[in-house]
Participant: 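Quick one: the structure is below, and I'll ask about it shortly.
Chain identifiers are assigned alphabetically (A, B, ...) following the order of the sequence lines, protein sequences preceding nucleic acid strands; residue numbering begins at 1 within each chain.
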Amino acid sequence: MLSASDTAIPALPQPNATRTPAFMSSPVVTRFAPSPTGFLHIGGARTALFNWAFAKNQDGKMLLRIEDTDRERSTEEAVAAILEGLKWLGLEWDGAAVSQYSRVTRHREMAEELLKRGKAYYCYCTPAELDAMRAKAEAERRPIRYDGTWRDRDPSTAPAGIKPVVRFRAPQDGETVIQDHAQGRVVIPNKDLDDLIILRSDGNPTYNLSVVVDDHDMGVTHIIRGVDHLTNAARQMQIYMAMGWDVPSMTHVPLIHGPDGAKLSKRHGALGVEAYRAMGYLPAALRNYLARLGWSHGDDEIFSTEQLVEWFTLGGIGKSAARFDFAKLENLNGHYIRHTPDSELLLHFKSFLPHVEGGEALLEALTPELETKLLLSLPGLKERAKTLVELMASARYLFAKRPLSLDDKANALLNEEGKAALKGAHEVLAAAAEWSGPALEAAVKAHAEAAGMKLGKIAQPLRAALTGTSTSPGIFDVLEVLGPEESLGRIADQLKN
RNA sequence: GCGCCCUUCGUCUAUCGGUUAGGACGACAGCCUUUCACGUUGUAAAGACGGGUUCGAUUCCCGUAGGGCGCGCCA
């Protein structure tokens, strides 16, 4: 996925006279920077959405950088899942995805530069010693921080045989102030920030160094990420300043919690976006839902992605965490299903099938003839489905082969009374001159009226016989789509026993 | 433990000192109706608590409580 050619840093966009007015100081560049240690979870998806929406709103670019410097935990599968997830969600990035690991040499150089400037130093403490340090601090109820043992110690006193790490020499006095577009002005006392490791003993850079170097080199102007990075923002600012670089604009968005208010777990939202695809959600619906989690534009609830782009500002981002609510997502998804044109919905449905259990089989059974029937039934079906999974279930009767097996409720409908009504309906339908929904409806209604029956007394048994269930689209639509032969056949099947 | 942040109906949120505190989802009730939905009408439902500041606080400040995040040779 990340071939050598993919890892090149994309050239910065040249200010385009037609799209970037002269008064704009510089084009906006955002980035989404996931670490490939798992799938693209829902929080990451929203972060990507915000970065994307902001970049689009500003006529800027959103870059994608895979933070794969942890060689132990990064996997190719995760990278693939993240790219796939972003594509499914419709969040295309600009340029090629950048592998952070491909830039280690540059990161090491910057660590050297910091060393040269006296902004960093070698530390010879072993992991065991650091563990002991932490344990002791905890036991004495002191803040858990590196104690600065090697900060000012003469390297010539270094113990032999120990490969040192490089630590950043963080300012000890004063405070670091983050001007955050979502969080406001956040002040962190420097005494609470210790000397973080920027180069491991094996010579590989750590996250906080790499991000700063990459964001700077890639020309990132706006950093939008989760608040869990807020403390990192302070440390990173210190590195920016030590390097004499401009600090990008910062926006730390609140986190998404599970329905119970606690951290997202496997049970609820901590699923990959592919799980949402398998649950039958439409990308547009998920985008709309995610946008309303932590961001708002007045009372607007349902809006297109175009509107999101038009309206998106960092000021619209809130400060408090939101809970993930499947009921609302489902409602929105139902709205999107209902309002998607039939032919387009059919496309979504077909591309969804391979991702759901039993979907492959259905896809294989989908002959051109059946596809036509499905398309004709969609207006009735989509009105009743909140997810594509429900759509699949409700479309089953189209695929069913005679004789149909009935569910319990359908069976109950075909009691003696039901069968009697069905028999009458069969005669009326068999005699129908024109096989169309309206014509059949008129005929059956006339028959019901003549027999002094409520239409429901006939429609329900018909539904049971035709679909094998007690719920379906309008029964005359079902009849029309199924056609005379199949319809009469299904009814006759039930009349036999 | 230390630091930072958060707190409006059950949930997502509007409000940027003056509102009968609005909308949406969900819930409940009615209407529509061949089922289920859709649609539609209506109802219940909120400023965590305590102090200030102010003519006036949901809004500004302080404290308390509750919650979240961070404190790795992870990102």
Participant: Need the pair for B:C16. Rule: Watson-Crick or G-U wobble, both distances under 3.5 Å, any strand; none if unpaired.
Facilitator: none

Participant: Does the gap between the ring centers of A:His229 and A:Tyr207 come in under 6.0 Å?
Facilitator: yes

Participant: Does A:Ser201 reach a base, just sugar-phosphate, or nothing at all? Heavy atoms under 4.0 Å.
Facilitator: base

Participant: Which base, if any, makes a Watson-Crick or G-U wobble pair with B:G42, both distances under 3.5 Å?
Facilitator: B:C28

Participant: Tell me, do A:Tyr121 and A:Pro155 make a side-chain contact under 4.5 Å, heavy atoms counted?
Facilitator: no

Participant: In whole angstroms, how far is the C1' atom of B:C73 from the CZ atom of A:Arg167?
Facilitator: 8 Å

Participant: Both A:His229 and A:Gln183 contact RNA chain B. Which one's nearest nucleotide lies toward the 5' end?
Facilitator: A:Gln183

Participant: Over how many whole Å does the gap from A:Asp192 atom CG to B:C69 atom C1' extend?
Facilitator: 15 Å

Participant: Provide the distance between the two P atoms, one in B:C73 and one in B:A65, to the nearest whole Å.
Facilitator: 32 Å

Participant: Not counting sequence neighbours, which residues clear ring-ring contact (aromatic ring centres under 6.0 Å, His included) with A:His222? List them please.
Facilitator: A:Phe54

Participant: Using the P atom as the point on both nucleotides, what is the distance between B:G70 and B:A75, in whole Å?
Facilitator: 15 Å

Participant: If B:C60 has a Watson-Crick or G-U wobble mate with both distances under 3.5 Å, name it; if not, just say none.
Facilitator: B:G52

Participant: I'd like to know whether CD of A:Gln179 has more than 12 heavy-atom contacts from other residues, nucleotides or ligands below 6.0 angstrom.
Facilitator: yes

Participant: Take the protein atom CZ of A:Arg71 and the nucleotide atom P of B:A75, then report the distance between them rounded to whole Å.
Facilitator: 11 Å

Participant: For A:Val187, which contact category applies under a 4.0 Å heavy-atom criterion: base, sugar-phosphate, or nothing?
Facilitator: sugar-phosphate

Participant: Which whole number of Å gives the distance between the C1' atom of B:C60 and that of B:A44?
Facilitator: 33 Å

Participant: Between A:Thr69 and B:A75, is there a contact of a side-chain N or O with OP1 or OP2 at under 4.0 Å?
Facilitator: yes

Participant: So what does A:Leu255 hit on the nucleic acid, given a heavy-atom distance under 4.0 Å: a base, only sugar-phosphate, or nothing?
Facilitator: sugar-phosphate

Participant: Should A:Asp173 and A:Lys191 count as an ion pair when the cut-off is N to O under 4.0 Å?
Facilitator: no

Participant: Describe the nucleic acid contact of A:Val165 in one word from base, sugar-phosphate, nothing, applying a heavy-atom distance below 4.0 Å.
Facilitator: base

Participant: How many angstroms lie between OG in A:Ser487 and NE2 in A:His426, if you round to the nearest 0.5 Å?
Facilitator: 9.5 Å

Participant: For a quick check of understanding: with a heavy-atom distance under 4.0 Å over all strands, which category does A:Ser394 fall into, base, sugar-phosphate or nothing?
Facilitator: nothing

Participant: Between B:C36 and B:G30, how far is it from one P atom to the other, in whole Å?
Facilitator: 14 Å

Participant: Would you measure the distance from the P atom in B:G51 across to the matching atom in B:U59 and give it in whole Å?
Facilitator: 14 Å

Participant: Regarding A:Cys125, tell me which of base, sugar-phosphate or nothing describes its non-hydrogen contacts under 4.0 Å with the strands shown.
Facilitator: base

Participant: In whole Å, what separates the C1' atom of B:C6 from that of B:U13?
Facilitator: 15 Å

Participant: Tell me the partner of B:C2, counting only Watson-Crick (N1-N3 plus N6-O4 or O6-N4) or G-U wobble (N1-O2 and O6-N3) with both under 3.5 Å; none if nothing fits.
Facilitator: B:G70

Participant: With a cut-off of 6.0 Å (strictly less than), are more than 12 heavy atoms of other residues, nucleotides or ligands near NZ of A:Lys373?
Facilitator: yes

Participant: Could you measure between the two C1' atoms, the one in B:G10 and the one in B:C28, and give it in whole Å?
Facilitator: 14 Å

Participant: Let's test this: given Watson-Crick or G-U wobble pairing with both distances under 3.5 Å, identify the partner of B:A65.
Facilitator: B:U7

Participant: Angle between ring planes, A:Tyr124 versus A:Tyr122, binned at 30° and 60°: parallel, tilted or perpendicular?
Facilitator: tilted

Participant: Find which nucleotide of RNA chain B each of A:Asp202 and A:His297 is nearest to by heavy atoms, and output the residue with the more 5' nucleotide.
Facilitator: A:His297

Participant: If you compare every side-chain N and O of A:Thr231 against the phosphate oxygens of B:C71 (OP1, OP2), does one of them come in below 4.0 Å?
Facilitator: no

Participant: Tell me if the CZ atom of A:Arg141 is crowded by more than 12 foreign heavy atoms within 6.0 Å.
Facilitator: no

Participant: Determine the Euclidean distance between corresponding P atoms of B:C38 and B:G26; express it in Å to zero decimal places.
Facilitator: 8 Å

Participant: Take nucleotides 18-39 of chain B nucleotide by nucleotide from the 5' end and write B, S or -, depending on whether a protein heavy atom sits under 4.0 Å from the base, only from the sugar-phosphate, or from neither.
Facilitator: ----BBBSS-------BBBBSS

Participant: How many whole angstroms separate atom CG of A:Asn190 from atom C1' of B:G3?
Facilitator: 12 Å

Participant: With a 4.0 Å cutoff (strictly under), does any side-chain N or O of A:Arg134 reach OP1 or OP2 of B:C73?
Facilitator: yes

Participant: Whole angstroms only, please: what is the CD1-P distance between A:Ile198 and B:A75?
Facilitator: 13 Å

